[in-house]
Engineer: 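Provided herewith is a single structure, encoded as structure tokens, for subsequent inquiry.
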Amino acid sequence: MSHNHKTILLGITGGVAAYKSAELTRLLVKAGYTVQVVMTDAASEFVGPATFQALSGQPVFTNQWDKRIANGMPHIDLSRDADAILIAPASADFLRKLSHGAADDLLSTLCSARDCPLLVAPAMNLQMWENPANQRNVALLRQDGIAILGPGCGEQACGEVGDGRMLEPEQLFELVENFFQPKPLHGKQVVITAGPTFEPIDAVRGITNSSSGKMGYAIARAAIEAGAKVTLVSGPTALAAPMGVNRINVQSAQDMLQAVLQQIGTADIFIGVAAVADYAVKNRSEHKIKKSDADLTIELTPNPDILATVASLPAAPFCVGFAAESQNLLQYADEKRRRKNIPLLVANLVQNALGADDNEVILLDDAGQHPLPRAPKKQIARELIRHVAEMLASE
Ligand code: PMT
């Protein structure tokens, strides 16, 4: 659990997607947010307030005349305590009300009385979303500086397929997190490599390693949170791309190098997190190698070093390397930094880092060593991005 002291007022309006807001509440509470749920009457037809009360650990409000607030002004008290209001799901009717400043129930009244940011996650059928009147209302909300999250595209409860469904709880959670992070990389372009590479032996077999991609993906997400445009060149992993990231899937180190070189022209920062295979198979077979009793020799040939190649480009971006060692961490890592001529290197122990959810690293730069104690990769990633932004700002 992170130490997050933000309060989100989660407004739930009438839509089937209200059931997804139960999961969203759980994700926010788990990350340390205080979640204050306010529901419209229509929302309570879909999911009962007791569900949200149990998940948020807070009383749920539905009624403007609720006697539990001593001064009789729940719309003022509730909006005053919130760092942000998120309406999810936001029905077409609620968008209409918001865009016209309506104040005829608790949720619409507290939205009009707020002095904090408002985020809305529309959820409706395709035709309702595309309806010109609805689009006019959405445009008005945008003009008023209200953040419209989504909607997503896909299968809908009514059986149609298209735009209009609410974003998934994990996506909304990511967007809320992004919203609260400082933006020191605003306007910067970042290219990140992540995961393992896969060096084919024949049509079905290959050499790879146990990098999960978690560290690289966490850094991609932290860079997005910090306001950057991010391209993630990823070897094979089981992870979903963070929202807003341009992911390019690759297999071998050669593919990874080509993809990186195509993207690097306009990049300000390059972060090499991938566990790139040092060797590729030289005598690779087009077809599946047949089993036989004879010995089989696989010849290996060195792969290009992607990080060193990028660092030696004439207009090289700010380069960050990783060093995964199983012993003599600082000595080997420092040698790597000097050999590859990069300003910042992140040293970690293979046994701590590979595949794990946590990591423990030492940042090495010209100023010396900066240890980041064991923490979830998400937190290590945020601290690394903060360090990179500070180094860039002082260049
Ligand atoms: O993916 P996870 O399970 O979350 O694990 C994270 C990690 C352990 C893979 C990650 O934290 C890490 O340490 N990545 C670098 C692993 C590595 O291969 O280090 P290296 O010492 O071999 O390479 C040094 C640097 O050069 C790295 O930035 C690497 O991306 C880069 N490199 C290496 C070889 C090569 N041919 N091209 C490269 O660009």
Side-chain angles (χ1 to χ4, degrees), residues 190-199 207-222 232-239 242 250-261 263-264 267 269-281 300-313 316-365 372 374-381 383-385 388:
V190 185
V191 174
I192 298 169
T193 64
T197 61
F198 181 89
E199 308 297 333
I207 300 173
T208 186
N209 61 65
S210 51
S211 163
S212 63
K214 286 178 192 168
M215 192 67 245
Y217 278 57
I219 293 169
R221 187 169 162 187
L232 180 62
V233 181
S234 173
T237 73
L239 303 175
V250 296
Q251 299 268 322
S252 67
Q254 269 296 350
D255 298 344
M256 190 173 265
L257 175 67
Q258 294 317 318
V260 166
L261 290 179
Q263 300 294 322
I264 211 70
I269 301 166
F270 174 71
I271 310 181
V273 198
V276 184
D278 289 325
Y279 297 93
V281 177
L300 300 178
T301 182
N303 263 330
D305 189 311
I306 301 166
L307 178 60
T309 308
V310 172
S312 62
L313 289 172
F318 182 90
C319 285
V320 182
F322 267 71
E325 307 292 348
S326 57
Q327 56 180 340
N328 300 340
L329 179 63
L330 278 176
Q331 183 202 332
Y332 288 167
D334 206 46
E335 281 167 17
K336 247 173 221 173
R337 187 170 91 85
R338 285 170 208 287
R339 196 172 61 242
K340 300 197 187 195
N341 190 24
I342 48 172
L344 176 63
L345 189 120
V346 184
N348 53 192
L349 282 169
V350 176
Q351 47 275 41
N352 279 345
L354 218 67
D357 288 332
D358 293 354
N359 201 357
E360 181 180 345
V361 306
I362 302 172
L363 310 184
L364 301 174
D365 58 20
L372 300 182
R374 189 156 203 86
K377 283 180 176 167
K378 176 175 162 180
Q379 194 175 323
I380 300 276
E383 286 174 34
L384 170 63
I385 288 296
V388 168

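All ligand and atom numbering here is 1-based and tracks the order in the structure. Given the structure is predicted, the values throughout are model-derived calculations rather than measurements.
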Engineer: To the nearest 0.1 Å, how far is atom 19 (O) of ligand 1 from its closest protein heavy atom, and which atom is that?
Structural biologist: A324 N, 3.5 Å
Engineer: What residue and atom, counting heavy atoms only, is the protein's closest point to atom 32 (N) of ligand 1, and at what distance?
Structural biologist: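 It is K340 NZ, 3.8 Å.
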Engineer: Scan residues 343-356 for pairs that pass side-chain hydrogen bond (donor to acceptor under 3.5 Å, both in side chains), counting only residues two or more places apart or in two chains.
Structural biologist: N348-N359
Engineer: Rounded to the nearest 0.5 Å, what separates atom CE in M215 from atom CG in L354?
Structural biologist: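 The distance works out to 12.5 Å.
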Engineer: Which protein non-hydrogen atom lies closest to atom 28 (O) of ligand 1, naming both residue and atom, and how far is it?
Structural biologist: G272 O, 2.6 Å
Engineer: Once rounded to the nearest 0.5 Å, what's the spacing between atom CG of L364 and atom NZ of K336?
Structural biologist: 11.5 Å
Engineer: Side chain, backbone, both or neither: which applies to P304 and ligand 1 if a contact is any heavy-atom pair less than 4.0 Å apart?
Structural biologist: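 Contact part for P304 vs ligand 1: backbone (N, CA, C, O).
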Engineer: Check this for me - ligand 1, G216, N or O atoms closer than 3.5 angstrom, yes or no?
Structural biologist: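 In this structure, G216 places no N or O atom under 3.5 Å from an N or O of ligand 1.
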Engineer: Are any of the N or O atoms of L354 closer than 3.5 Å to those of ligand 1?
Structural biologist: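 Between L354 and ligand 1 (N or O atoms, distance only) the closest approach is not under 3.5 Å.
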Engineer: What do we get for A353 next to ligand 1 when only non-hydrogen atoms under 4.0 Å count, side chain, backbone, both or neither?
Structural biologist: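 Both of them.
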Engineer: If you take all heavy atoms of A253 and V276, which pair is closest and at what distance?
Structural biologist: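 Of all heavy-atom pairs spanning A253 and V276, the closest is CB-CG1, 3.5 Å.
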Engineer: Please indicate whether any nitrogen or oxygen in T193 is less than 3.5 Å from any nitrogen or oxygen in ligand 1.
Structural biologist: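 For ligand 1, there is no N or O atom that lies under 3.5 Å from one belonging to T193.
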Engineer: Please report the C-alpha distance between L313 and F270 in whole Å, then the side-chain angles of each, then the deciding distance to 0.1 Å, and finally whether the side-chain contact (heavy atoms from CB on, under 4.5 Å) criterion is met.
Structural biologist: CA-CA 12 Å; L313 289 172; F270 174 71; over 6 Å; no
Engineer: Suppose we measure from atom 21 (O) of ligand 1 to each protein heavy atom; which comes out shortest, and what is that distance?
Structural biologist: K336 NZ, 2.2 Å
Engineer: What is the distance from atom CG of N303 to atom CE of M256, rounded to the nearest 0.5 Å?
Structural biologist: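 Between N303 CG and M256 CE, I get 10.5 Å after rounding to 0.5 Å.
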Engineer: What is the nearest protein non-hydrogen atom to atom 6 (C) of ligand 1, stated with its residue, atom name and distance?
Structural biologist: M215 CB, 3.6 Å
Engineer: Using distance alone, determine whether S212 and ligand 1 share an N or O pair under 3.5 Å.
Structural biologist: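 The answer is yes, given that S212 and ligand 1 share an N or O pair closer than 3.5 Å.
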Engineer: With rounding to the nearest 0.5 angstrom, report the CG to NZ distance, D357 to K214.
Structural biologist: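 The distance works out to 4.0 Å.
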Engineer: Determine whether any heavy atom of K377 lies closer than 4.0 Å to an atom of ligand 1.
Structural biologist: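 Yes, K377 has heavy atoms under 4.0 Å from ligand 1.
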Engineer: Can you name the side-chain hydrogen bond (donor to acceptor under 3.5 Å, both in side chains) partners of Q263, sequence neighbours left out?
Structural biologist: none
Engineer: Could you identify the single nearest non-hydrogen protein atom to atom 39 (O) of ligand 1 and state the distance to 0.1 Å?
Structural biologist: L307 N, 2.8 Å
Engineer: Which protein heavy atom lies closest to atom 25 (C) of ligand 1, and at what distance to 0.1 Å?
Structural biologist: F322 O, 2.9 Å
Engineer: Give the atoms of ligand 1, by number and element, whose distance to some non-hydrogen atom of A323 is under 4.0 Å.
Structural biologist: 21 (O)
Engineer: If you take all heavy atoms of L329 and A323, which pair is closest and at what distance?
Structural biologist: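 Residues L329 and A323, closest heavy atoms: CD1-O, 4.4 Å.
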Engineer: Hey, could you give me the CG/OG1 distance between D278 and T301, rounded to the nearest 0.5 Å?
Structural biologist: 12.0 Å
Engineer: Look at the side chain of T193 and the backbone N and O of V273, then say whether any donor-acceptor pair between them is shorter than 3.5 Å.
Structural biologist: yes
Engineer: Should the proximity of V350 to ligand 1, defined as any heavy atom under 4.0 Å, be assigned to the side chain, the backbone, both, or neither?
Structural biologist: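 No part of V350 is near ligand 1 at this cut-off.
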Engineer: Nearest heavy atom to atom 29 (C) of ligand 1: which of A274, G355, G321 does it belong to?
Structural biologist: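 Going through A274, G355, G321 one by one, A274 has the nearest heavy atom to atom 29 (C) of ligand 1.
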Engineer: Test your reading of the structure: does G213 have an N or O sitting under 3.5 Å from an N or O of ligand 1?
Structural biologist: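 Such a contact does occur with ligand 1.
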Engineer: Tell me whether S211 has any N or O atom under 3.5 angstrom from an N or O of ligand 1.
Structural biologist: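 Yes; the residue has a nitrogen or oxygen that sits under 3.5 Å from a nitrogen or oxygen of the ligand.
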Engineer: In Å, rounded to the nearest 0.5 Å, how long is the span from OH of Y332 to CG of L345?
Structural biologist: 15.0 Å
Engineer: Considering non-hydrogen atoms of the protein only, which is the closest contact for atom 11 (O) of ligand 1, and what is the distance?
Structural biologist: N348 OD1, 2.6 Å
Engineer: Taking only non-hydrogen atoms of G195, do any sit less than 4.0 angstrom from ligand 1?
Structural biologist: no
Engineer: Using only atom types and a distance under 3.5 Å, with no angle test, would you say the side chain of T208 pairs donor to acceptor with the backbone of T197?
Structural biologist: yes
Engineer: Below the 3.5 angstrom mark, is there an N/O of V273, backbone or side chain, next to an N/O of ligand 1?
Structural biologist: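 Such a contact does occur with ligand 1.
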